[in-house]
Amino acid sequence: MKGLVVINPLPDIVFFWGDVEFTTHINRLGAREGIAEQNGISDEVDQNALVQFFSPLLASHRFLKAELDNPYSSISCENGFLFVLRQFGEHLYIAVCGDGSESEDFLKRKLYVFRRLAGVHFGPVIDELRPDSSHDRKKRWSYMSRLINTWAHLASTEQSFLVEAVERLNVNQALNETCINMLEQALSKVRSGGDKHAVHALLLVNTKLLALYSSRNACELQAADILAITLVVRTLFPTGDSLEELLSFTYTPSTPLSVRRVTTERSPTPSSTEYYSPSSSVEETEQEKSEGQGDSSPLPVPSRDMFHTPIIPHEQDSFHTPAAVQDSFYTPHQPAPASHRAPQPEQNPLLLSACEEAVDETAERSQEYFHMPAFLQTPLCTHSPHLLHCVPIMPGTVLVIVSEVPKSHLAGHICQCLLTLVTTEMMQGKKGGSAREGGQGRNLVEVLEGNVKRVLDATRKMKGGLERVHKDLVNRWDLVRKGGLLEYMDSAAANPPPRLETALSEFTRTLKVLFRLLFLTYKPPQAAEDKQRETMDTVQELVSKKICDYKDYLSVKAQRNVTMTTYLEDFPGLIHFLYIDRSMDLVIAPAINVTTHPEPGSFDHTAVLKVKVWEMVRRWQHYLQNSFTSSVVRDGDFCYSYFLWFEDPSGNPLSPQQPVKQVQGAPPGILAGHYYRDLCARCFPTMPVGAVNCYELMCMHVGVVPAEFVASHCRKLAAMLWETSGEAHSPISLL
């Protein structure tokens, strides 16, 4: 019985996801109290009952935050229900678990991850989670629900999502060079095809990164964005096939999309999305199915819903463990309820985003080309608008082209304004009621004025609906200045005057409207869109031909990337390890997802190892949040060790200038926040950004190994992994 709710201050339900049990529970309670319009047995939650039940929670949370600045973070009920709450901006996020299968730490991480995924899809305009149309709302909530379900599944099965770091495929040098050259050619073809803003090209094999190529002047693609893109790709192109099933496929490069696509002219309709171009007619799908049957060696197409995250049955899942050893922290997610499955498409006067339109597509369209918006993090903008172009190459292998959106520099100025308004004490009062010292308040206002001026200058000559928004923005900013913003920031008042508070709220809303019109409703010209599809057809054919010979090799490496047998001779007694370079957020770990299924009634050693590793990581993350950077624990038949240390760019160890202190905030990871970057900043306040490298090493030994050998193994293993990681942290002299 699980759910996730996002509420705004009105209060309105901005987003809701719940499994069948939780939805039925809400409806029955609403029917019993007389506040639900249904009889309690519907598989769709009653909105009135949901608002009635969660409004008191929102009111009490808001009161404790405003009066005591100490709102509750979780609520445990006598009937076993657990509520975890987090305030992000003006929205309250609530995660619910009523069956005891998810802990408070896991629910907290789920809220942070969902906030990040919502930002990737909608930028700072989180209210876009709730469209006005109930039909659109159902489809959008369904897609976001499947996205968070995909994350929950990967967090319980993939070590890269367990520690939130990118895992690269350990392939030979020849294949690595082939992939880099191939991605360079693909990016060049996309640019020559009309998309001059294509900046990144990456190949993903299941959840692992095979290759990444970026243009010369492009901003670095952050590891957190790579993980977010991986989640989107796994939701769009799900694969739950085992290694034996993948190897059983006979693959040849598929027919280009332009040949397989129906050539009938597509009439423009109001429901055509600005990001996703293929038509979603049932007749076209049936014709594609009949054409695909004529191919002598078609690419295997799963019969399940394209957006439904595959649920591996327990009897076939090599990770499944008996109830006695089930990990309570990570739990297998339930299949999506029938109410969350995509309905048949119908005409809609509203513009739909790619996530809505793609839900309407059937499984047979999984060979198609998708492009959708994504707001990624760059050094200059927290939500820099990009477009993701995704095409499947082979089963489990997807090519992603990342393109910048025109006027993306304007997004940086808008996000800076919103960040200044939300993260400072303007909107929510100044803690303690003391005036800012040393002109800090005046400096903050000057920074805000500079960003507002850049936004107004950039939008002054824009026409259409943007012209009206520009005038509203000018008027709202005048009201903010006349409302006494500068006087308030220099004063000792605990809360802003009502007039200023209203003006700030309206100004923030207008900024979000501008962001939405500029980037959330962006539609490329139809001619450019058609040309882009033809270019991606060519790119797909090019990449497929070049790596089809490596299909079996990549299938094996995707599930058995690094094997523990490589290290057994040098490290006797070592069972498992995870090495994480937090300066680049890369993880190296032996694979534990063995696909051979045990005989019925036999003891599954892999399942026990998986549970122990997940418990080990959970334990060290809890220790790290409590300021422990190294520890060795002997528990039963095993010895667990954890070390976190810092180095300069030359590889010399660094001692923290300030002790590691316990800080309340995001849990360790990169999807949930910038934990390790903030940790380096706190421990080395005088060091410039990027001058400190952070590393983690988690090891699991047999319990009889002495502690001194454990420490020696960790030092030797860290040095070996650093040398073989293939990344140069120190400058190399060529003289």
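The figures here come from the full heavy-atom set of this structure, side chains too, leaving out hydrogens, waters and symmetry mates.
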message: With heavy-atom distances below 4.5 Å as the criterion, would you say the side chains of S631 and W620 are in contact?
response: yes
- request: Answer yes or no on whether K716 is positioned over the face of F571, meaning its NZ or CZ is under 6.0 Å from the six-membered ring centre and within 45° of the axis.
  value: yes
field: With K546 via side-chain hydrogen bond (donor to acceptor under 3.5 Å, both in side chains) - residues at least two apart
entry: Q185
query: Do you know the tightest heavy-atom contact between A666 and A672?
result: CB-O, 3.6 Å
query: Any side-chain heavy atom of L717 within less than 4.5 Å of one from F577?
result: yes
- line: With Y213 as partner, the option from L202, L203, N181, I180 fulfilling side-chain contact (heavy atoms from CB on, under 4.5 Å) is I180
field: Side-chain touch V692/L654, heavy atoms, less than 4.5 angstrom
entry: yes
field: Aromatic plane relationship, F83 with F81 - under 30° parallel, 30 to 60° tilted, over 60° perpendicular
entry: parallel
- request: Only counting residues at least two apart or in another chain, list the ones meeting side chain to side chain contact (heavy atoms under 4.5 Å, CB included) with H622.
  value: N626
message: Between Q377 and T382, does the side-chain hydrogen bond (donor to acceptor under 3.5 Å, both in side chains) criterion hold? Intermediate values first, please.
response: CA-CA 5 Å; Q377 291 185 350; T382 55; over 6 Å; no
message: Pair D678, R682 - check side-chain contact (heavy atoms from CB on, under 4.5 Å), show working.
response: CA-CA 6 Å; D678 297 340; R682 294 195 307 268; 3.8 Å; yes
- prompt: Which heavy-atom pair separates L671 from A224 by the least distance, and what is that distance?
  reply: CD2-O, 3.8 Å
query: If we only count heavy atoms from C-beta on, is the W17 to K2 side-chain gap below 4.5 Å?
result: yes
query: If only atom types and distance count, is the side chain of K208 paired as donor or acceptor with the main-chain N or O of E167 below 3.5 Å?
result: no
message: Is the distance from the ring center of W151 to that of Y112 below 6.0 Å?
response: no
task: Say whether, by atom type as modelled, one donor and one acceptor occur between the side chain of D99 and the main chain of M1 under 3.5 angstrom.
output: yes
Gap between atom CG of D585 and atom CZ of R677 - 0.5 Å precision: 10.5 Å
message: Would you say S103 and D105 are linked by a side-chain donor-acceptor pair, where the criterion is simply a distance under 3.5 Å?
response: no
message: We want to know whether Q621 and Q625 form a side-chain donor-acceptor pair, criterion being a heavy-atom distance below 3.5 angstrom.
response: no
message: Determine whether T686 and Q657 satisfy the following criterion, side-chain hydrogen bond (donor to acceptor under 3.5 Å, both in side chains), listing intermediate values before the conclusion.
response: CA-CA 8 Å; T686 62; Q657 299 173 354; 2.8 Å; yes
message: Using side-chain contact (heavy atoms from CB on, under 4.5 Å), reason through W645 and E647 one step at a time and then give a plain yes or no.
response: CA-CA 7 Å; W645 70 97; E647 295 179 0; 3.0 Å; yes
field: side-chain hydrogen bond (donor to acceptor under 3.5 Å, both in side chains) between H576 and Q159, worked out
entry: CA-CA 12 Å; H576 194 77; Q159 296 178 89; 2.8 Å; yes
task: Report yes or no: is the cationic atom of K612 (NZ for Lys, CZ for Arg) under 6.0 Å from the centre of the six-membered ring of W614, at an angle within 45° of the ring normal?
output: no
message: I'd like to know if the side chain of K610 and the backbone of T157 have a donor-acceptor N/O pair within less than 3.5 Å.
response: no
- line: To the nearest 0.5 Å, atom CD1 of I588 lies from atom CD1 of I580 at 10.5 Å
message: So which atom in I592 and which in T606 form the shortest heavy-atom distance, rounded to 0.1 Å?
response: O-CG2, 3.0 Å
task: Inspect the contact between R582 and E164 and indicate whether a charged nitrogen and a carboxylate oxygen are less than 4.0 angstrom apart.
output: no
field: Y550 side, atom OH; T397 side, atom OG1 - distance, nearest 0.5 Å
entry: 13.5 Å
message: Between S73 and K108, is there a side-chain donor-acceptor contact under 3.5 Å, judged purely by atom types and distance?
response: no
message: Under a 3.5 Å distance rule, please check whether S214 uses its side chain to pair with a backbone N or O of H200 as donor and acceptor.
response: no
field: Any donor-acceptor pair under 3.5 Å from S712 side chain to E708 backbone
entry: no
- line: Of all heavy-atom pairs linking N172 and Y553, the shortest is N-OH, 3.4 Å
message: With heavy-atom distances below 4.5 Å as the criterion, would you say the side chains of V391 and F370 are in contact?
response: no
- prompt: Just wondering, do F161 and T230 contact through their side chains at under 4.5 Å, heavy atoms?
  reply: yes
query: Would you find a donor on one side and an acceptor on the other, under 3.5 Å apart, between the side chain of R234 and the backbone of L154?
result: no
message: Could you tell me if the side chain of Q222 sits less than 4.5 Å from the side chain of D225, heavy atoms only?
response: yes
query: Given F646 and Y695, is the ring pair (Phe, Tyr, Trp, His ring centres under 6.0 Å) satisfied, shown in steps?
result: CA-CA 6 Å; F646 305 96; Y695 302 90; 9.2 Å; no
- request: Show the numbers, then the answer: is there a side-chain contact (heavy atoms from CB on, under 4.5 Å) between I575 and H701?
  value: CA-CA 5 Å; I575 300 176; H701 284 79; 5.8 Å; no
- line: Here the gap from I393 atom CD1 to L554 atom CG, rounded to the nearest 0.5 Å, amounts to 11.5 Å
field: Heavy-atom side-chain contact between L578 and V617 under 4.5 Å
entry: yes
Stacked cation flag R86 on Y93, 6.0 angstrom / 45 deg: no
- request: Without swapping roles, check the side chain of N561 against the backbone of R168 for a donor-acceptor pair under 3.5 Å.
  value: yes
message: I'd like to know if the side chain of H121 reaches the main chain of L117, judged simply by a donor and an acceptor atom lying under 3.5 Å from each other, with no hydrogens or angles considered.
response: yes
task: Walk me through it: do Y567 and D570 pass the test side-chain contact (heavy atoms from CB on, under 4.5 Å)?
output: CA-CA 6 Å; Y567 303 90; D570 295 330; 5.9 Å; no
- prompt: Any side-chain donor paired with an acceptor under 3.5 Å for T207 and E158?
  reply: yes
field: Distance-only donor-acceptor check, side chains S650 and D648, under 3.5 Å
entry: no
E696 and Y676: side chain donor to acceptor below 3.5 Å: yes
field: Lys NZ or Arg CZ of R634 over Y640 ring: under 6.0 Å, within 45°
entry: no
